[in-house]
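One structure is given below, encoded as structure tokens.
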Amino acid sequence: MSDQKLTPKERMAIERTTMPEQDPVVRATNFEEVNFGLDRDAAVREAQRCLVCKSRSCVEGCPVAVRIPEFLSALADGDVATAAEVLRVDNALPATTGRVCPQEVQCEKVCVRGKKGDPVAIGWLERFVADWAAENLANPAEPEDKTGRTVAIVGSGPSGLTAAGELARMGHDVTVFEALHDSGGVLRYGIPEFRLPKKIVDAEVACLESLGVKFEFNVIVGKTITVQQITEEFDACFIGNGAGLPMFLNVPGEQLKGVYSSNEYLTRVNLMGAYKSDSTTPIARGDTAVVFGGGNTAMDSVRTAKRLGSKRAVIAYRRSRAEMPARIEEVHHAEQEGIEFMLLVSPLEIIGGEDGWVKSVRLQKMELGEPDASGRRRPVPIEGSEFELPVDIIVVAIGTRANPLLTAECSELKLNKWGNIETDENQMTSIPGVFAGGDIVRGGATVILAMGDGKCAAKAIDRYLKSN
Amino acid sequence: MYEVVSNVIMAPGIHRLEVRAPRIAAARRPGQFVIVRCGEGGERIPLTIADADTEAGTITLMIQTIGEGTAKLAEIQPPGGIRDVAGPLGMATEIENRGKVACVGGGVGTAVLFPLAKALADAGNHVTTIIGGRSAEFVILRDELAEFCDEVLVTTEDGSLGTKGFVTIPLGEMIADPDRRPDAIYAVGPVPMMAAITEQTRPEGIHTIVSLNPIMVDGTGMCGGCRVTVDGEVKFACVDGPEFDGHLVDFRELSTRQQAYCDDQHCRLTDAIEDQS
């Protein structure tokens with residue numbers, strides 16, 4: 001701890017800290033969190049690396065615009081409580097984003113300190129401060145000044161929770177409708193315990209409840225109630241119902257037993273607790289698991305398979321390492337845990353045994369051609385390179401299509417050609433007072449981008465309520 | 001918590017629960033289902049909504065005790081409650097006046113059939129319902145169906161009630177009789193029964209609608225566990241169904257997918273269905 005400010009030279013002299021983590025061999029057999037988190041001394045010292053530069057590029061690099069220099073300088077002074085206050089006001093889910101954000105392509109990418117050496121470990125510090133706050137501070141209280149205006153939030157995933165938190169702080173009366181039996185959306189059913197412990201999600205939701213946010217579970221908007229009913233009952237609405245139907249490979253044999261979508265595989269394990277010995281939810285296990293895809297969901301699935309006992313857990317991706325959309329840390333952790341990366345391969349056919357279970361998959365090698373619409377080099381099949389890989393479990397983690405349940409019942413909502421909801425620059429849909437964000441708008445993105453939408457929409461909803 | 005208003009035993013291992021769920025009662029249409037979960041850590045169990053009372057705000061669920069989850073559910077007595085009831089899910093049945101229709105139900109499938117038969121009768125169809133069970137005590141809803149059906153035929157495997165044998169016998173007689181030949185058939189029950197009926201009606205070209213019950217998790221299209229092949233295309237029973245044109249369904253695939261966890265001690269669902277058919 002330092003009372004007097006450090007000179008830039010002194011700050012530059014501090015090396016980036018490292019994250020203490022579970023031994024890879026041990027953690028590949030359990031579902032406990034991989035990263036232990038920084039201790040206070042390490043966190044304060046890391047925060048002192050921040051140059052508190054004028055450019056504040058990190059704030060611009062953050063989809064929810066956390067005032068990073070403010071929280072880092074408070075932390076550098078050893079004043080964790082002030083750091084926590086800044087974080088909580090700016091970010092409804094700091095303990096979550098501190099764990100799952102791809103900082104390396106956001107705040108840390110543009111960190112001025114990183115121009116010479118490593119950037120400040122903003123993500124790890126966010127996690128430290130958020131965890132400290134959860135342990136040491138009371139949950140924020142409900143604002144005394146209530147506006148008397150009501151807002152319905154559809155979905156309790158990252159975008160919905162963020163919008164709910166922001167709107168509750170503004171004094172609006174917020175009700176969240178969730179289709180499943182528990183809160184958090186993808187934070188609960190998608191992201192595994194070893195990356196985001198569910199007690200963290202519980203604590204973040206408890207914070208929102210103490211701000212006055214009400215939760216109603218088992219309400220499927222579009223089925224249980226309609227958007228029209230919501231607009232009649234509430235002054236405004238935010239739709240953050242998330243990703244929908246999983247995409248499959250469209251190769252023969254995909255209906256065999258032992259072939260899962262990542263949504264099903266992860267939901268069984270995370271939401272339904274299939275990894276626990278006393279679980280009522282079954283999950284198929286086997287010596288060899290192959291996961292198709294190269295994103296975070298693919299990494300979560302393959303690392304889950306390893307933990308469920310697969311001796312060989314393989315990522316099969318049709319492009320090369322450079323095109324993988326997963327966070328660097330997840331790929332790194334996966335490699336440490338002994339995950340095999342089979343790059344530049346594409347599935348041709350899944351082959352089953354007489355018992356109807358998957359037995360092997362026929363793959364074809366690919367090479368990279370010209371860039372496609374996504375700007376990534378398009379994989380092109382290599383003739384005659386087909387080979388067969390014996391496999392017990394297949395998980396398909398190649399993305400999702402738009403969720404049709406809500407939009408099918410609400411013809412007034414303007415959709416794009418993929419079925420995602422169209423919004424204006426304020427996240428407002430074609431229905432006045434109805435806003436939307438997250439995957440139902442973006443068609444598959446990250447937790448933090450969804451949260452950015454939720455925050456932006458909350459501000460727009462507040463303006464809308466004030467002018468209507 | 002969703003209050004259980006009443007719990008009546010209909011047949012050995014078959015309970016009828018009235019559950020307070022006003023939003024679902026108001027929104028539901030015939031053919032739709034709910035997903036229920038008894039308590040913390042419990043399974044998510046899909047159940048067809050057998051009936052609803054919008055004034056009382058209740059829905060009727062028929063529960064066959066075939067596993068841990070359903071057994072727990074059947075034990076709940078008023079004023080107890082179910083922790084989670086989500087729905088109504090799936091597409092509603094397209095109800096139209098097709099003329100003469102046959103509704104065929106096996107075991108607890110009769111409960112699924114009930115709201116369908118009622119809606120078809122209300123729409124002006126001449127409704128013949130054929131219900132089957134292992135023996136007389138497993139035949140459910142016979143009197144309730146008789147209130148609005150033009151004819152209710154019963155089959156039992158042991159001949160203790162109605163025709164001895166399977167539901168396909170009286171159905172075959174109906175098809176063969178020009179005066180009774182149905183214009184459409186709705187079949188709900190174990191997979192082998194539905195598969196048998198579709199093979200019976202295929203050569204006759206009689207439109208046959210089946211209600212499928214594959215393994216599900218969320219019931220909202222998110223997981224894809226309930227995927228079935230219909231006319232060579234992959235469909236999700238929870239959002240595209242649960243009803244499909246029986247002549248287009250790949251029953252062999254459905255049957256094998258249903259058995260994914262039957263070796264698992266937690267899931268004895270399929271065994272029970274096989275026993276029953």
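Letters A, B, ... mirror the listed sequences (proteins, then strands); counts begin at 1. Quick caveat: nothing in here was measured; it's all calculated off a predicted structure.
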Problem - chain A contact via B:Arg257 - which portion, at a heavy-atom distance below 4.5 Å - result: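 The answer is both parts of B:Arg257.
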Return yes when atom [atom1] of [X] has more than 12 non-hydrogen atoms of other residues, nucleotides or ligands closer than 6.0 Å, and no otherwise.
X        : atom1 : answer
A:Glu232 : CD    : yes
B:Lys72  : NZ    : no
A:Lys199 : NZ    : no
B:Glu94  : CD    : no
B:Met91  : CE    : no

Practice task
Please say which of B:Val4, B:Ile45, B:Val34 ends up in a side-chain contact (heavy atoms from CB on, under 4.5 Å) with B:Ile82.
Solution key: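 So the option named by the test is B:Val4.
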Exercise for the section: Quick one: pull up CZ in A:Arg188 and OG1 in A:Thr267 and give me the separation to the nearest 0.5 Å. Expected result: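 OG1 of A:Thr267 is found 12.5 Å from CZ of A:Arg188.
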Determine the option with the most heavy-atom pairs under 4.5 angstrom with chain A, choosing from [options].
options                     : answer
B:Glu253, B:Arg227, B:Arg23 : B:Arg227
B:Gly87, B:Gly41, B:Gly69   : B:Gly87
B:Ala27, B:Pro88, B:Gly225  : B:Pro88

Using non-hydrogen atoms and a 4.5 Å limit, figure out which bit of [X] sits close to chain B: side chain, backbone, both or neither.
X        : value
A:Asp355 : backbone
A:Leu405 : side chain
A:Leu180 : both

In terms of heavy-atom pairs under 4.5 Å, which option from [options] contacts chain B the most?
options                                : result
A:Arg401, A:Lys223, A:Gln229           : A:Lys223
A:Asn403, A:Leu266, A:Val259, A:Thr400 : A:Val259
A:Met272, A:Glu254, A:Lys257           : A:Lys257
A:Tyr265, A:Tyr260, A:Tyr189, A:Phe217 : A:Tyr189

Handout entry: Sub-4.5 Å side-chain heavy-atom contact between A:Leu413 and A:Ile239
Key =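 Yes. Closest side-chain heavy atoms under 4.5 Å.
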Exercise for the section: Using atom types as modelled and distance alone, determine if a side-chain donor or acceptor of B:Asp51 lies under 3.5 Å from a backbone N or O of B:Thr60. Expected result: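 A pair under 3.5 Å: no.
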Exercise for the section: Among B:Arg44, B:Glu40, B:Arg83, find the one that has a side chain to side chain donor-acceptor pair (under 3.5 Å) with A:His181. Expected result: B:Arg44
Exercise for the section: Can you check whether anything in residues 230-242 of chain B gets within less than 4.5 Å of chain A, heavy-atom wise, and list it by number? Expected result: B:Val234, B:Phe236, B:Val239
Problem - Closest contact, heavy atoms only, B:Thr54 versus B:Ala26 - result: CG2-CA, 3.9 Å
